[in-house]
Each structure stands twice: as C-alpha cells, then as structure tokens.
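We use all heavy atoms of the structure for the numbers below, so side chains are in, but hydrogens, waters and symmetry mates are not. Proteins come first, then strands; the chains are lettered A, B, ... in the order of their sequence lines, and each starts at number 1.
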Protein chains: 2
Amino acid sequence: MAVQNETTRDRILEAAEDAFGEQGYHETLVDDIAGRTSLSKGGFYFHFPSKEDLFFSVIDRLANRLTIRAEGAAAKCASPIGGVEAALTEVLTRLGRRRRIAKVLLVQGYSMGSAFEQKRVEVYGRFAAVIQDGLDRAVVAGEISPTNTAVVARAWLGAVNEIVVNWVYRGSPTPTEALPVLRAILIGGLERPDSRLVTEETEGNDG
Amino acid sequence: MAVQNETTRDRILEAAEDAFGEQGYHETLVDDIAGRTSLSKGGFYFHFPSKEDLFFSVIDRLANRLTIRAEGAAAKCASPIGGVEAALTEVLTRLGRRRRIAKVLLVQGYSMGSAFEQKRVEVYGRFAAVIQDGLDRAVVAGEISPTNTAVVARAWLGAVNEIVVNWVYRGSPTPTEALPVLRAILIGGLERPDSRLVTEETEGNDG
DNA sequence: TGCTACCGACCGACTGGTCGGTCGGTTCAG
DNA sequence: CTGAACCGACCGACCAGTCGGTCGGTAGCA
C-alpha cells in the first residue's frame, strides 16, 4: 500500500545515503543497499528503476534540504549581504556536522563519470544562483560595488566546497573552525562603494 | 632499452591523459589506451603494472608540471604577495588553455573511489602548501596581516578549482575571463596591516 | 463467516555482458 | 641466440538488472 511504499522508499534513500557516503558509487553494490534495507535485490528494483536513478534521488534530496536551510537562514536577515553571510554559515555548519552527507554531495557523484556532469551543473548551479542572487541584491542595495557576481558566487562556492572536502578527507580544520576566517576573506574581498571608512555594519549580523 | 622504453612509456602517458580527460577513469578501457598508442593490451602491461598505476602516473606528471610552472612564475616576483598572485595567474591561464588536462587533474580522479583519496590529499596539499608558503612570507614581509594562512590557502585553491571546473563543464566563463575578478576578490580579502581605511583588527581569525 | 480471485510487495537464483589482467607465442635488433 | 618489446586470444571475477515465483492481505460475494 501507499504508506508502506513511501516508508520503504525512504528507508532505501536513507541507507543509500550512508552507503554512498561511506563507499562511493562504484564500491556500493545494489546488494549492499538491499542488505542494509533488509530487502532483496528484486525488492529494491521494485522501488527504483536503476542504481543511477537512486543516486540522483539521494543527491536531489540532500541538495534540496540544504538549499531550503540556506535560503531560510538568508531570509531571516534584513540586509542582502547579511543574508548571504548567514547562508554561508548555515551551509558550513550543516555540512560540518555530517561528514557522510558532505561526502555524498560534494565528492561521490564524480565517480559516476559523464552521467553525473549534467547533475553536477544543475546542483552547483542552484547553489551558485542563491549566492549570486544575494550578491546582486547587495549591489542594488548599495552594500557592495558592482562586480561580476556570477564569478564571485562561483569562487565562494568553490572556497566553501574545498574547505569541506578537505575536512572530509583529512579531518581538519572543521568547517566550523574555518568559518570565521572564511567569512572574513570572502566578505572582505568585496568592495564597498562608500569605502572611506569601511565601518562594516554587516559585521554583527544576525542569523 | 631505456630510450625506447621511455618513449613508449611517454606515449602511453600522453594517450592516457587524453583518454582519461575525455572519458574519465571507468569509461576509459585499457584497450582504448592500447589502441591510441598502437599497442596491444599486452604491450601496455609491459610498461605499466595496472590501470590504476597509470592513472596515478598521469596525475603526478600533470601536478608536477603545474607546480613547477606556478613556482617559477612566483619566483620571478620580488614581493611574496606578488608571487602568489603570479602563481594564481599562471595556473588559471595554463589550465584555461587545456580543458582536458584540467578535467583529469580536477575531476576524474574521484571516479576511482577510495583509492584516490590519498592521492587527492597529496596533490591538493602540495598546491595548498605553495599558496600557503607565499602567504606566510607575505605576512612576514608585512604585506598582509597575520591570519590563518592554511585556511586562506585552501579557500583560494577551492575558488580557483571551482572556476576551472565550472568552465570545464559549462564552457564559460573561461578562467582567463574570470581571472581579473578572481584576483581582485582573493587579494582583496586579505587585510593590509598599514591600511588606515580598514579599521577592525581581525575580529575572527586566529592562527 | 468462509471462499475465491486478485494484487502489491518482495524474493533470490540466474543471466549476460564487461573488462582488468594473464600467458604462451612472435619479432627483431644486437 | 638471447632477451627486450610486443602481440592478442583467452580467462574469470564481477555485478546490474531480470524474471518466475511466493505470500500476506483484502475486495467482493454468498
């Protein structure tokens, strides 16, 4: 029935999140996921058409959750630049708490080869768009000087990404530890239009 | 003999660079590489013990070349911060010219699963160390304020990485186009000790 | 209440293709 | 004649996906 169906599907997604995070795409066998779910392989294929489809579903689920959280954090801030900062903090904090999730989202997809390229563009594009949107509004609000916000957004995304991935692989510094420095250099890299005495009012941001 | 040996080995490395860059690790078959080299599979295995070993050799070769170029560019500059900037420019320009190389170096490795993790740490660590070294010397030289240069180096690395990867997947903006903006925000994110305009004495960063 | 027909969820042995790696054989320069 | 370099048919592990079958539940009917 429908309810049981949903539950089982979710159980599979949950198990897959763990498995992919621990072992990567190729190392994770459909039998592994079936095992973790107390399902047979056939049972699994009743719920998902393919292993690839499963992986994409996992990615979508994680990316959606993270985007919602980031946008929620940003929405609580009055100023655009404060919003971007809050979103940054939220993402770093969130990923910093769940290493496996970070690994699935930021690393494991590449194992899929060309099948992943489109998905990568889509997911990273969505995050970049959130950042860029905040920056654009900050420009309009006169908080920062006009610049190529698309490039800046990508650079920020990359910086955050590398901090997290490095932590995933080496264990330190944790995203939380890196956050203050990261925030300082990213925000600090933006020019203020009224820069006679920078006097940041963005410093004591809320969140 | 040694000479012929080297030549064939290099031909294999060259072909592998192309193949991995175009198709990724899993999609590239040993037979592909043999074919591109006008060698049989057996001939290939005379020169390399395994496909994995071949991939690592390709990565090492590319990373070494790029590191040498970056360090060379940096060495030509008098000031440390100028050196870091020059290295950044060199890397972006270099990778921007060869999309396939960029793809092998920055993306394809992940396809190998856990076997690659150590290599990733090693290669990225080497690049980060070059940047960090420049930043550290810039601090000593009084060009920038003390900060957590390890984190800053990682962030820079990530920013550059994402710009290049995004270009690899989407074709634009090219690294060369992005360079001015990137340079501005990265360098701009660093505090100058003598800046009367920037008042705050480092609110969040430690060492 | 009992019986039948049916169904969604699940099982697990099996298949079919793929591909890294092997090995006995061949070529040819020295 | 030796052996480094190379050939290419072959092996066998591996694994995503299939398919015929099982089983608990339930709708409909008398």
Side-chain angles (χ1 to χ4, degrees), chain A residues 1-59 104 108-116 119, chain B residues 1-59 104 108-116 119:
Chain A
M1 48 194 61
V3 175
Q4 173 63 15
N5 197 333
E6 276 314 295
T7 302
T8 303
R9 198 188 149 87
D10 281 345
R11 266 171 49 224
I12 294 173
L13 285 169
E14 215 90 14
E17 210 172 280
D18 291 345
F20 287 136
E22 287 163 17
Q23 307 162 249
Y25 183 75
H26 277 105
E27 279 89 344
T28 299
L29 311 184
V30 173
D31 281 315
D32 286 348
I33 289 157
R36 285 171 189 252
T37 330
S38 300
L39 270 173
S40 68
K41 191 186 272 194
F44 164 79
Y45 276 99
F46 181 80
H47 294 280
F48 288 89
S50 70
K51 183 185 174 184
E52 189 175 300
D53 187 281
L54 169 66
F55 185 83
F56 286 148
S57 297
V58 169
I59 292 285
V104 177
Q108 303 295 14
Y110 295 96
S111 341
M112 299 185 58
S114 50
F116 180 66
K119 201 72 188 175
Chain B
M1 45 201 55
V3 175
Q4 174 61 17
N5 197 334
E6 274 314 295
T7 301
T8 304
R9 198 188 148 86
D10 281 345
R11 266 171 50 224
I12 294 173
L13 284 169
E14 215 90 15
E17 209 172 282
D18 291 346
F20 287 136
E22 286 163 17
Q23 307 163 253
Y25 183 76
H26 283 292
E27 279 90 342
T28 299
L29 312 184
V30 173
D31 280 315
D32 286 348
I33 290 158
R36 285 171 189 253
T37 330
S38 301
L39 269 173
S40 68
K41 193 188 268 195
F44 163 78
Y45 275 99
F46 181 79
H47 294 280
F48 288 89
S50 72
K51 183 187 176 185
E52 191 175 300
D53 187 281
L54 169 67
F55 184 82
F56 285 148
S57 297
V58 169
I59 292 285
V104 176
Q108 303 295 13
Y110 293 98
S111 334
M112 300 187 57
S114 50
F116 182 66
K119 201 71 188 175

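- Using a 4.0 Å heavy-atom cutoff across all strands shown, B:T28 reaches sugar-phosphate atoms only and no base atom.
- With rounding to whole Å, B:F44 atom CZ is found 17 Å from C:dC23 atom P.
- Partners of A:K119 according to the side-chain hydrogen bond (donor to acceptor under 3.5 Å, both in side chains) rule, which considers only residues two or more places apart in sequence or in another chain, are A:D60.
- The ring pair (Phe, Tyr, Trp, His ring centres under 6.0 Å) test applied to B:F44 returns B:F48, not counting sequence neighbours.
- Remark: side-chain polar atoms of A:S111 are not paired, donor with acceptor, to backbone N or O of A:G24 under 3.5 angstrom.
- Separating the CG atom of B:D32 from the C1' atom of C:dG21 is a distance of 16 Å, rounded to the nearest angstrom.
- In terms of the ring pair (Phe, Tyr, Trp, His ring centres under 6.0 Å) criterion, residue partners of A:F55 (sequence neighbours excluded) are, by chain and number, A:F20, A:Y25.
- Proximity of B:H47 to the phosphate of D:dC6: a side-chain N or O atom is located under 4.0 Å from OP1 or OP2.
- Heavy-atom nearest nucleotides on DNA chain D were determined for A:E52 and for B:L39, and the one closer to the 5' end corresponds to B:L39.
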Find every protein N or O atom lying less than 3.5 Å from an N or O atom of nucleotides 9-15 of chain D, and list the pairs.
none

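- Across all strands, A:T37 comes closer than 4.0 Å to no nucleic acid atom at all (heavy-atom distances).
- For B:Q23, the side-chain hydrogen bond (donor to acceptor under 3.5 Å, both in side chains) partners two or more places apart in sequence, or in a different chain, are B:D32, B:R36.
- Annotation for B:Y45 and B:K51: closest pair OH-N, 4.4 Å, computed over non-hydrogen atoms.
- Rounded to an integer number of Å, the gap from CZ of A:F48 to C1' of D:dT18 is 19 Å.
- A sub-4.0 Å separation between OP1 or OP2 of C:dG12 and a side-chain N or O of A:S40 is absent.
- B:T28 and B:A19 make their closest contact through OG1-O, 3.2 Å (heavy atoms, listed as atom of the first residue, atom of the second, distance).
- Contact of the B:R11 side chain with the B:T8 side chain is registered, since non-hydrogen atoms from C-beta on lie closer than 4.5 Å.
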Show, in sequence, the C-alpha distance, side-chain angles and deciding distance for B:D18 and B:V104, and conclude whether the side-chain contact (heavy atoms from CB on, under 4.5 Å) test is met. CA-CA 9 Å; B:D18 291 346; B:V104 176; over 6 Å; no
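- At least one side-chain nitrogen or oxygen of B:T8 sits closer than 4.0 Å to the OP1 or OP2 atom of D:dC6.
- Sorted by residue number, the list of members of residues 12-22 of chain B with any non-hydrogen atom under 4.0 Å from DNA chain C is empty.
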